[in-house]
Protein chains: 2
Amino acid sequence: MKKVTINSVAEYAGVSKKTVSRVLNNEPNVSPATREKVLKVFKELDYKPNPIARGLARNKSFIIGCLYDNPSKSYITRVQSGALEACHKFNYNLLIHPCELRGTELIENVGQLLTTSRLDGLVLTPPFSDSQELIDYLKQQDIPYARVASAIQDDSSISVRSNDEQGAFELTEHLISLGHRDIAFIKGHPDHSATEKRFSGYRNALVKHGIDFKSHLVAEGNFSYHSGADSAKEILDLDPMPTAVFASNDYMAAAVLKLATQRQLKVPGDISIAGFDNAPIARHIWPGLTTIAQPVEEMTRQAVEQLIMQISDPSTEVYQKVLEAKLITRESTAAR
Amino acid sequence: MKKVTINSVAEYAGVSKKTVSRVLNNEPNVSPATREKVLKVFKELDYKPNPIARGLARNKSFIIGCLYDNPSKSYITRVQSGALEACHKFNYNLLIHPCELRGTELIENVGQLLTTSRLDGLVLTPPFSDSQELIDYLKQQDIPYARVASAIQDDSSISVRSNDEQGAFELTEHLISLGHRDIAFIKGHPDHSATEKRFSGYRNALVKHGIDFKSHLVAEGNFSYHSGADSAKEILDLDPMPTAVFASNDYMAAAVLKLATQRQLKVPGDISIAGFDNAPIARHIWPGLTTIAQPVEEMTRQAVEQLIMQISDPSTEVYQKVLEAKLITRESTAAR
DNA sequence: ATGAAGTTTGACACCGGTGTCATAATGTCA
DNA sequence: TGACATTATGACACCGGTGTCAAACTTCAT
């Protein structure tokens, strides 16, 4: 079976390549009769234009790359699902590229990625969306990109984020309103800007309600379940034990819940536990976790959609948006 | 900043394109002096070969596509991680493409994928690895592919799977050895071949130990947490309630555990629960789930690695492998 | 010095499309 | 019917690489 190219189609249809190309791209100035004829040949020969050749001529690949380095698998899944939705809407495809922020050489790694597959644009998810080094590099290389959940101030590039600080503030207020005063906090990964945002939301809520901030109630996590387990141990070993724990994401909260249950503590009777993100695990365990729903899919969807817009028309106005985070109360928190 | 192409490099270095191309590809028959000279120009101009142009000339994209349609996010994550490992080892990239097995038109969808990005090969994960229709199509289109966890008999294409039946058999024997006789079973998604394999492993173990199979103990799931929750309700409502539940994956097992805990049942005291896959959730909850560890990453890694081998050398012998599944006992199962 | 063999190099076609521009065909209006 | 605008079409260069093959240059034995 010989390959069917634009040349064979042209020959078979008795027209020039260019005319075939015109039909292919729905360009004007093709007589209905010719168009009809060519379309028939497409069917007859089962012609599929070669995307690589087209890419070379147009200098486009219709592929968006997604960069991530996140211990939370569910976060990644959600990011992908939002990105894919936007990509498929515009007939783009998504290439995924996990890599380490602090790896041997991030820039080299990304450079390698761009060298091996010409991407039309890049979606940066945390912590890459906060890497000034990477952003400078992409700017210099003139690669379009969009930032998801980035804290960097940069009016010249697309950014969609949610209000982490506000979310953490609300969640903390929720705990306070239930009567909790000793609220432990587990921080996220220091490379992620969300970590500080959530932490300050927590502190601001304490301040507002006149509760002293106690640094011994703060544990250092990194968003992984494992780090949550370590922090859980620290916190549950405290004497007196706090009456509530606010973990910076649901995985770490789940780790606290597991250890608490293992120790025969009643949740929320003996201790309330809350997370952040509204990851699937938050509703897959008992008691379900009170948490902050962050619209991860939606953020990524919008970011990628705007990225594609900008790629097809660079004069598009730069899109910057902050989405709302929302409190979800489940069974893991209660009045003390 | 003008674009740096092979032409500008050639001109600048005072050699022909072809010689530059030789240096680029480490081909022999270039004098050390020339090679040196060209390499210096690479550095000086910061030359990056255009992968699309190279792709057109060589008819390759160095991109592998990954097809999936799976309710279990963790399964997808693991598949991706194994596939990426293999891809990066050979400087390939991974493009992900979720689509519905029973969607409007699977073949059309995949055809569209192949039309919009020329992929060098495709990894099929369940349930696609069991779709004879899709496989026939890929064969006809001459697209290299590898099957992960496929039950289809086909000596002519790469296949890596694990022994689902054996795993289910062992897990069931484990429950039987703990003294359980009434063991409920939650089936997976009917489109997945693993569903029947696991089910027959369960039945065979019962037979071997002279236990009657009771169809009212079998619930129909589909691998999703939600379906597990529905099945859990059916099973826990039975009177007498079985003393153990074997769910076809960990998500469904987690759903059973949640409902049981909600109903104040002691696990494993009142009822033992086991899953399959050794998904992260199996160790993120309390009690941890007894399950069968399936080497998902490893299966996919091998499949993609072999796929790439076959792409670069079509005469490579077709790789077919069955990996072992392993019983992991945790706290969710105990003697009755 | 000569010829044979091996090494190095470049000219040129080619991969399969798209963009530019000239030309041919058709339509419009005085 | 002729002049001119408009539409349809194709020739050809081009995107940025690789493959083929012949020419030029070395090396070395005789």
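All figures in this text were calculated on a predicted structure; none of them were measured in a lab. Sequence lines set the chain letters: A, B, ... in the order given, protein chains first and strands last, and positions in each chain run from 1.
- At whole-Å resolution of the value, CD1 in B:I52 and C1' in C:dC14 are 18 Å apart.
- In this entry the distance linking NZ of B:K60 with C1' of D:dG19 reads 16 Å, nearest Å.
- In this structure, CD1 of B:I6 is placed 12 Å from P of C:dG10, rounded to the nearest angstrom.
- If you measure from atom CG of A:L56 to atom C1' of C:dC14, you get 12 Å, rounded to the nearest angstrom.
- Across all strands, B:V15 comes closer than 4.0 Å only to sugar-phosphate atoms, never to a base (heavy-atom distances).
- Judged by atom type and distance alone, A:R118 does not reach the base of D:dG16 through any side-chain donor-acceptor pair under 3.5 Å.
- Between the side chains of A:D136 and A:Q132, at least one donor N or O lies within less than 3.5 Å of an accepting N or O.
- If you take CG of B:N59 and C1' of D:dG19, they are 14 Å apart, rounded to a whole angstrom.
- The interatomic distance linking B:E27 (CD) with C:dT9 (P) rounds to 13 Å, in whole Å.
- In this structure, A:S31 reaches the D:dT9 phosphate: one of its side-chain N or O atoms is under 4.0 Å from OP1 or OP2.
- For A:N25 and C:dT18, the shortest distance from a side-chain N or O to OP1 or OP2 is below 4.0 Å.
- Side-chain to base pairing of A:K18 with C:dG19: one donor and one acceptor N or O lie within less than 3.5 Å of each other.
- In this structure, A:R35 atom CZ and D:dT7 atom P are separated by 14 Å, rounded to whole Å.
- Phosphate contact (OP1/OP2 of D:dT9, side-chain N/O of A:T34, threshold under 4.0 Å): present.
- Considering only heavy atoms from C-beta on, B:V110 comes within 4.5 Å of B:L134 through its side chain.
- In the model, B:T34 has a side-chain atom that pairs as donor or acceptor with a side-chain atom of B:S31 under 3.5 Å.
- At a threshold of 4.0 angstrom between heavy atoms, the contacts of B:P28 with the nucleic acid are absent.
- Under 4.0 angstrom from either OP1 or OP2 of C:dT9 there lies no side-chain N or O belonging to B:S16.
- Note on B:S21: a side-chain N or O is less than 4.0 Å away from OP1 or OP2 of D:dT18.
- Counting only N and O atoms by type, the side chains of B:T316 and B:Q310 include no donor and acceptor under 3.5 Å apart.
- What separates CZ of A:R58 from P of D:dG16 is a distance of 16 Å, to the nearest Å.
- Distances shown here put every side-chain N or O of B:N50 at or beyond 4.0 Å from the OP1 or OP2 atom of D:dG16.
- Nearest-nucleotide assignment on DNA chain C puts the 5′-proximal partner with B:T19, out of A:V4 and B:T19.
- Side-chain atoms of A:K17 come within donor-acceptor range of the base of C:dG17, with a qualifying N/O pair under 3.5 Å.
- When distances are taken from the side chain of B:N29 to each of C:dG17, D:dT7, C:dT9, the shortest belongs to C:dT9.
- Side-chain contact check for B:R147 versus B:I152: some heavy-atom pair is nearer than 4.5 Å.
- Between B:E100 and B:N109, the side chains place no donor N or O within less than 3.5 Å of an acceptor N or O (distance only, hydrogens not considered).
- One cannot find a donor-acceptor pair under 3.5 Å joining the base of D:dG19 and the side-chain atoms of B:R22.
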